[in-house]
Visitor: 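Pasting in a structure now, in C-alpha cells, and then I'll have a few things to ask.
All ligand and atom numbering here is 1-based and tracks the order in the structure. Numbering starts at 1 and runs along the sequence shown.
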Amino acid sequence: MTSSPALDHGMGDDTTIAASERILRVAGAQLGPIARDEPRATVVERLIGLLEAAHSQGAELVVFPELALTTFFPRWYFDSWDDIDPFFETEMPSPITAPLFERARALGVGFSLGYAELTADGHHFNTTILVERDGSVVGRYRKVHVPGHEAHEPWRPFQHLERRYFEPGDRFDAWQAFGGVVGVATCNDRRWPETYRVFGLQGCELLLIGYNTPIHYAPDPGQNRLAGFHNALVMQSGAYQNGMWVVGVAKGGVEEGVDSLAESCIIGPSGEVVARTDTTGDEVIVADCDLARCANYKTTLFDFDRYRRPEVYTRITAQRGVIAPEGS
Ligand code: CDV
C-alpha cells in the first residue's frame, strides 16, 4: 500500500458525530538499517532528509522510530558500561542532533524521535522526545514495557538485552499538542492493551509508536512468520478500541545481520490502515489524520464513562501475573 493524503480512509459518510474537521497531516519516517559504525552525524543527515521529504508532502508532524540515532545495540552483550554508554545521549538536543531540531523549527514541522537517554544522575532509559512545530519540547516519554532479558544467553543467535541496558519508565502521559491530545509509546508497549487504554482514558487522539522488531523471536520461533500480523493486530485493535489514531514507525531491514520488521503504518480510529510503507528502507508515509473523527468512537461504542466497569477490572492493577482458580 502506498501513502496518500487523499486516500479514502474507508470511513464512508459517518460524519454525523465529528462536528468539524481537525486535520493534522502526519508522516511516518521509517528508517532502514543503521550500521554500528555509522556516525551519528550521518544518521542525523538521513533524518533531516526524511523530515524534508515529509514537509514537501505537507506533513506537520514527523514520527521517527525507536532508538533512531544508533544501531539496535541491545542485540549485543556488553559487560562494561564503558562499552554501552557511547550508544546513549547525555543531552537532547546535542551539538550533533541540533541540526535536526533547527531544520524542523525552520520548516515549522514537529517530530518525535527515539533515542537512548543517559541522565545526569546515571539512569538509562529508552526515551522518545516530542517536539512541537515551533521547536518547543512537548514532553519526554520513557519506555514502560522493557522486553528481552538481563543476562547473556549464548544459545540465542543474537541477544535482546534491553532489560540489561534500560530501566523502565513509570508514566504514560498524554499531552495537549498539535491541536489535539497526543501520546507516545515505544515498541513493546504496543503489544499491551493497557498502554492504549491508559492513553485512551486521557482522551488521547493520536498515539505515536516507534519500534525495532527483530523478526526472529528466539524464545518461540514459531511466531516469526506472524511478526507482521501481530504488529498490525495490536496497533489496529488499540486504535479502534480507544478511538484514536496510531502511527507505528519501524527501523526495519537487515541491520548488522539481524532482519527487522518494517511495515510502518498509520491507522485510523476505525482500526483501518490508511498508509503503510512498502519497503524496508528509509521511506516516508503520510496521511491526513482528522482528530475530530476520534469522537465517532469515543462517544458511541467506546463511550468509556457510560459503558466501562472499572470496579470489575480491579485485577488489572491489583495483580501482575496470572493467579489461576483453585481446583483441577
Ligand atoms: N524493541 C522492542 O521492544 N522489541 C520487541 C521485541 C520483543 C521483539 C517488540 O515487542 O517488538
Side-chain angles (χ1 to χ4, degrees), residues 28 30-34 36 63-78 84 87-89 112-117 124-129 141-153 155-170 172 183-196 207-239 246-265 267 276-277 280:
Q30 177 177 283
L31 280 171
I34 298 176
R36 183 171 177 177
V63 182
F64 291 113
E66 173 192 37
L67 300 176
L69 294 171
T70 63
T71 198
F72 190 71
F73 59 91
R75 74 170 65 90
W76 294 302
Y77 173 77
F78 299 106
I84 302 156
F87 292 104
F88 283 73
E89 314 299 319
S112 64
L113 176 73
Y115 62 98
E117 176 194 13
H124 298 77
F125 296 104
N126 188 338
T127 296
T128 294
I129 191 171
Y141 168 74
R142 291 165 172 165
K143 186 173 183 176
V144 166
H145 298 98
V146 179
H149 48 109
E150 293 84 359
H152 188 217
E153 296 186 1
W155 60 270
R156 293 173 182 257
F158 54 88
Q159 305 294 297
H160 197 107
L161 285 158
E162 283 196 66
R163 293 180 73 83
R164 182 176 185 84
Y165 303 142
F166 298 116
E167 296 168 51
D170 59 4
F172 284 131
V184 172
T186 303
C187 195
N188 191 256
D189 290 325
R190 75 193 190 287
R191 302 188 192 274
W192 299 90
E194 293 87 346
T195 300
Y196 304 90
L207 184 61
L208 316 177
I209 306 175
Y211 58 90
N212 284 263
T213 295
I215 291 172
H216 178 68
Y217 184 62
D220 180 16
Q223 296 180 29
N224 297 359
R225 70 177 181 83
L226 300 168
F229 167 65
H230 289 156
N231 181 55
L233 176 72
V234 291
M235 292 197 290
Q236 289 185 252
S237 52
V246 173
V247 183
V249 180
K251 172 139 70 60
V254 181
E255 187 182 80
E256 298 292 349
V258 176
D259 196 7
S260 287
L261 185 72
E263 301 187 22
S264 305
C265 56
I267 300 159
R276 185 170 60 212
T277 55
T280 58

Visitor: What protein heavy atom sits nearest atom 6 (C) of ligand 1, and how far away is it?
Guide: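 Looking only at protein heavy atoms, the one closest to atom 6 (C) of ligand 1 is H160 CE1, 3.6 Å.
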Visitor: Report the residues that fulfil side chain to side chain contact (heavy atoms under 4.5 Å, CB included) with E117, sequence neighbours left out, ordered by chain and then residue number.
Guide: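 Only Y115, T119, F125, T127, R140, R142 meet the side chain to side chain contact (heavy atoms under 4.5 Å, CB included) criterion with E117.
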Visitor: How long is the span from the CZ atom in R156 to the OH atom in Y77, to the nearest 0.5 Å?
Guide: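 OH of Y77 is found 14.0 Å from CZ of R156.
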Visitor: Pairs in or reaching into residues 160-170: which pass salt bridge (Lys or Arg N to Asp or Glu O under 4.0 Å), with residues at least two apart or in two chains?
Guide: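 Output for this query lists D79-R164, K143-E162, E150-R163.
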Visitor: Applying a 4.0 Å heavy-atom criterion (strictly less than), which segment of F72 is in contact with ligand 1: side chain, backbone, both, or neither?
Guide: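 F72 to ligand 1: side-chain contact only, backbone stays beyond 4.0 Å.
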Visitor: Going by the atom numbers of ligand 1, which of them fall below 4.0 Å from some non-hydrogen atom of E66?
Guide: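 What qualifies from ligand 1 is 1 (N).
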Visitor: Out of G148, P74, A218, C187, who gets a non-hydrogen atom closest to atom 5 (C) of ligand 1?
Guide: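 Looking at heavy atoms only, the winner is C187.
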Visitor: Just need the protein heavy atom nearest to atom 7 (C) of ligand 1, so name the residue and atom and give the distance.
Guide: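 That would be P147 CB, 3.9 Å.
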Visitor: Give the single entry among N212, T213, D189 that approaches atom 4 (N) of ligand 1 most closely by any heavy atom.
Guide: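 Minimum heavy-atom distance to atom 4 (N) of ligand 1 goes to N212.
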Visitor: Donor-acceptor pair, distance only, cut-off 3.5 Å: does the side chain of N212 make one with the backbone of E66?
Guide: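 The answer is yes, because a donor-acceptor pair under 3.5 Å joins these two groups.
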Visitor: Are F64 and L208 packed together at the side-chain level, in the sense that at least one heavy-atom pair is separated by less than 4.5 angstrom?
Guide: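 Side chain of F64 against side chain of L208, heavy atoms only: no contact under 4.5 Å found.
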Visitor: Between T186 and R190, does a side chain to side chain donor-acceptor pair (under 3.5 Å) hold up when you go through it step by step?
Guide: CA-CA 7 Å; T186 303; R190 75 193 190 287; over 6 Å; no
Visitor: Would you mind checking which non-hydrogen protein atom is closest to atom 10 (O) of ligand 1, with the distance to 0.1 Å?
Guide: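 Ranking protein heavy atoms by distance from atom 10 (O) of ligand 1, first comes R191 NE, 2.6 Å.
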Visitor: Atom 3 (O) of ligand 1: which protein heavy atom is closest, and how many Å away?
Guide: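 The protein heavy atom lying closest is K143 NZ, 2.7 Å.
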